[in-house]
Structures are given as structure tokens and as C-alpha cells.
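Accompanying notes for the structure given below.
Convention: sequence-line order gives letters A, B, ...; per-chain numbering from 1. As a basis for the values below, the full set of heavy atoms in this structure was taken, side chains included, without hydrogen atoms, waters or symmetry mates.
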Protein chains: 2
Amino acid sequence: MRMSSGVEWAVHCCVVLSLAEHPVPTARLAQLHDVSTSYLAKQLQALSGAKIIRPAQGGSGGYLLDRPAEQITVLDIVEAIDGPGPTFICTEIRQRGPLAATADQCNKPCAITRAMATAEQAWREALRASSIADLASQVNTDYDSDILGPVSQFIAQRG
Amino acid sequence: MRMSSGVEWAVHCCVVLSLAEHPVPTARLAQLHDVSTSYLAKQLQALSGAKIIRPAQGGSGGYLLDRPAEQITVLDIVEAIDGPGPTFICTEIRQRGPLAATADQCNKPCAITRAMATAEQAWREALRASSIADLASQVNTDYDSDILGPVSQFIAQRG
DNA sequence: GGTCAGTTACTCGGATAGAACTTGTCCGAGTTCGGACGG
DNA sequence: CCGTCCGAACTCGGACAAGTTCTATCCGAGTAACTGACC
């Protein structure tokens with residue numbers, strides 16, 4: 001079970017976009033992070049479809065956060081990129097084979113599914129606790145210098 | 001991010017094996033669950049490599065739990081089948097691009113990685129809290145009838 | 001009847017193909033900006 | 001000098017391949033049990 005690398009890109013981009021006042025094009029975000037523009041476009045497309053970022057077309061177009069960074073959680077991004085469904089999907093093998101349980105005995109999930117769901121719930125809650133604003137506020141503290149300033153300038157440039 | 005279906009099979013098999021006194025061959029476990037014998041063999045092989053189950057070769061061979069069911073957690077099985085590594089792997093894109101952070105600024109994980117690691121830790125703790133014995137004890141309660149009895153008889157048969 | 005060797009059948013273990021998903025790329029539809037033109 | 005029109009460049013959006021992981025399968029090495037002969 002490996003999380004898509006697109007999630008990492010998407011979160012980084014959202015943090016950067018939280019600093020932007022004007023729309024930032026995909027090409028510039030890709031340049032900043034030194035990643036494939038085409039593939040990053042795919043991830044941003046997914047974020048756009050999930051109403052996390054808002055597209056702006058035309059000459060000075062690009063992407064912008066669709067709501068305040070405080071209201072965007074890491075979970076939102078993970079679900080947008082990686083899919084909202086559960087990571088563990090029960091195939092109900094208890095209803096198969098010679099000793100299969102009857103359907104009416106299976107009105108509630110099996111113990112294994114419950115254990116997995118509980119763990120996944122804890123994972124989701126933890127991801128929901130981190131907002132983009134939280135992450136952004138940690139960056140400068142981490143490096144003990146103003147990194148976000150140059151980034152803001154970089155994404156403000158066009159070309 | 002989807003968890004391997006082999007994990008589901010492996011957990012089910014471990015629950016069944018917790019009832020067994022004599023080694024149970026792969027073919028019988030596959031028959032009980034109505035799944036591919038060959039592929040199930042691969043999963044059991046992984047469990048064997050992780051010292052969760054113990055193989056017994058020869059005429060009346062098969063697999064048996066390597067330690068009491070109380071000491072086998074769901075996390076053990078997930079790590080054995082799906083790999084022990086973290087699901088989120090940071091590619092350190094902060095060290096790339098025109099505004100790359102220097103290596104000595106990155107002595108500790110970035111905020112995004114920390115958030116992911118925290119969530120994953122919560123997930124692991126929840127999985128560690130469920131033992132195979134716990135799951136087995138819930139089965140009969142769930143169905144309000146003795147399912148484990150027939151299963152014990154089934155896996156005791158040979159042929 | 002007991003012991004022993006040989007045979008048989010069964011088991012696990014690793015090496016080998018196919019399918020599905022992730023990763024990476026491309027080109028077309030639509031929109032905005034800039035400049036040229038006319039009033 | 002100002003408003004309008006036109007062209008061009010830039011943007012996003014979805015459709016199209018390559019690589020990697022997961023899924024499924026097969027056959028060989030090794031071991032325990034069984035059968036039969038022998039003592």
C-alpha cells in the first residue's frame with residue numbers, strides 16, 4: 001500500500017497557493033518544484049474537480065484556493081487525489097465456500113472489516129486535524145528563516 | 001491507495017488457524033474461503049517469512065500459528081503482506097527547484113511528512129490494538145451461533 | 001508379530017506470465033490580454 | 001484622445017501511451033506417512 005506521489009505534490013502546491021493573491025499557472029508551480037508540468041496538471045485538475053482550488057482561464061489564468069487555507073485539510077487533498085473510498089475493501093469471503101454465512105447473518109460488517117475501519121477512521125481524523133494554514137505556518141519556523149517570502153515573489157512573477 | 005486483497009485473506013486465515021490444533025494445508029484454507037489456492041499460497045508464504053505462521057512439510061503438513069493468537073496483531077499481518085514501510089514517502093521536493101532548501105536546513109522532516117507520519121502512526125496503533133484472538137472471539141458473538149465449531153471440524157479433515 | 005527399507009503422495013518454496021493501476025505525455029477548446037484601427 | 005474590434009498567446013480540460021505494482025499461476029525440492037518385504 002503506497003500513497004500516490006501526486007498527493008505530496010498537491011499538498012505542496014496548496015501550501016504555496018495559500019500565499020498567492022493572483023492565480024498561479026500550472027507551469028509555474030511545476031517550475032518551482034521541478035516536477036513534470038503535464039503530470040502536475042493532472043493532480044491540479046483533480047483538486048479543481050474537488051472544489052479545493054479554483055481555475056482561471058485565459059492570459060493571466062492559473063489556480064487559486066477556492067476557500068481559506070484554514071478550511072482546507074490534508075484529508076481533503078488526499079481524498080481528492082487518491083480517491084475518497086476506503087483503503088480496505090471487504091470482499092465478504094465469509095459468504096463464500098462450503099461453510100458460507102447466510103446473507104441475513106451478515107447485516108453488519110465482519111470483525112476484520114470493523115478493525116480496519118476503526119484504524120482508517122483514526123488515520124482520517126489525524127489528517128483532518130491538519131489544515132493547509134497549519135502547514136504553512138510551520139514552514140518558516142522549521143527553517144528559522146523567511147522561505148515563504150521568496151516563494152511569494154516567485155509565484156507572483158509571470159512568464 | 002488500496003490495500004491488497006491478500007491482507008484480507010491472510011487475516012481470515014490466521015483467525016481460522018487460531019482454532020487449529022494440527023497443521024492446515026494451503027489447499028484446505030483456500031477451499032474453505034473459495035479463493036485461488038496458488039495465490040493464497042503466496043500470502044501464506046509471506047506470513048511464514050514474517051514468523052507469524054510456521055510451516056510443516058510432508059504428508060500431514062500445513063501451516064500453524066507460530067505464537068499464541070493473543071500475541072499476533074492485525075498490524076503484524078498487514079506489515080507482513082503489504083510491506084513494513086510507510087505508505088507516504090517524502091521525495092524531498094523542497095530540495096529541488098530554483099528555491100531549493102539546502103540540505104542542512106532539512107535535518108528534520110518537513111511539515112507535510114510529519115502530518116502524514118502522525119496519521120499513519122494513529123492508524124498503526126489502532127491496528128496493533130486488535131489481536132487475532134480478539135477477532136476470533138467476536139465471530140461467534142456476531143452471528144449469535146457457533147460458526148467456529150464447524151470450521152474447526154472442516155480444517156481438521158484431511159483430503 | 002515387529003522392524004526396516006522403498007515407494008508414494010503430499011507439502012511448501014521460489015520462479016514465471018497476465019491484468020490493473022499509477023505515472024507520464026500530448027493536443028484541442030476556451031478565455032483573457034495586447035495592439036491596431038476607426039471615429 | 002477614446003472606444004471598438006481583431007488577433008495572438010496563454011490557460012485549463014480531457015484523451016492517449018509507458019512503466020510499475022498487484023494478481024494469478026505453474027513446476028521443482030523436500031518431508032512425512034504408507035506399503036510391503038524381511039527377520
In short, ring-ring contact (aromatic ring centres under 6.0 Å, His included) pairs touching residues 72-102 of chain A with sequence neighbours left out are none
Side-chain contact check for B:Ser48: nearest option of D:dG13, C:dG13, D:dC12 is C:dG13
I need the [atom1]-[atom2] distance between [X] and [N], as an integer number of Å.
| X | N | atom1 | atom2 | answer |
| --- | --- | --- | --- | --- |
| A:Gln45 | D:dG13 | CD | P | 6 Å |
| A:Ile89 | D:dT23 | CD1 | C1' | 13 Å |
| B:Leu44 | C:dC12 | CG | C1' | 10 Å |
| A:His22 | D:dT11 | NE2 | P | 15 Å |

Within a radius of less than 6.0 Å around CG of A:Asn107, do more than 12 heavy atoms belonging to other residues, nucleotides or ligands occur? yes
With a 4.0 Å cut-off, would you call A:Asp142 and B:Arg114 a salt bridge?
yes
Q | A:Arg96 bridged to A:Glu92 by N-O distance under 4.0 Å | A | no
Given the options A:Arg67, A:Lys51, A:Arg124, A:Asp76 meets salt bridge (Lys or Arg N to Asp or Glu O under 4.0 Å) only with A:Arg67
**side-chain N/O B:Thr26 vs C:dT11 OP1/OP2, d < 4.0 Å** = no
Could you tell me whether the side chain of B:Trp123 reaches within less than 4.5 Å of the side chain of B:Val78, counting heavy atoms only? yes
| said: Do A:Val16 and A:Leu29 make a side-chain contact, defined as non-hydrogen atoms from C-beta onward lying under 4.5 Å apart? | reply: yes
Cationic tip of A:Arg54 above A:Tyr63 ring, under 6.0 Å, 45° of axis: no
Pull out every protein N or O sitting under 3.5 Å from an N or O of nucleotides 15-26 of chain C, one pair per line with the distance.
{"residue": "C:dT23", "atom": "OP1", "partner": "A:Ser5", "partner atom": "N", "Å": "3.2"}
{"residue": "C:dT23", "atom": "OP2", "partner": "A:Ser4", "partner atom": "OG", "Å": "2.6"}
{"residue": "C:dT23", "atom": "OP2", "partner": "A:Tyr39", "partner atom": "OH", "Å": "3.0"}
{"residue": "C:dT23", "atom": "O5'", "partner": "A:Tyr39", "partner atom": "OH", "Å": "3.3"}
{"residue": "C:dT25", "atom": "OP2", "partner": "A:Ser36", "partner atom": "OG", "Å": "2.8"}

Under a 4.0 Å heavy-atom cutoff, the residues of residues 54-66 of chain B touching DNA chain D are B:Gln57, B:Gly58, B:Gly59, B:Ser60
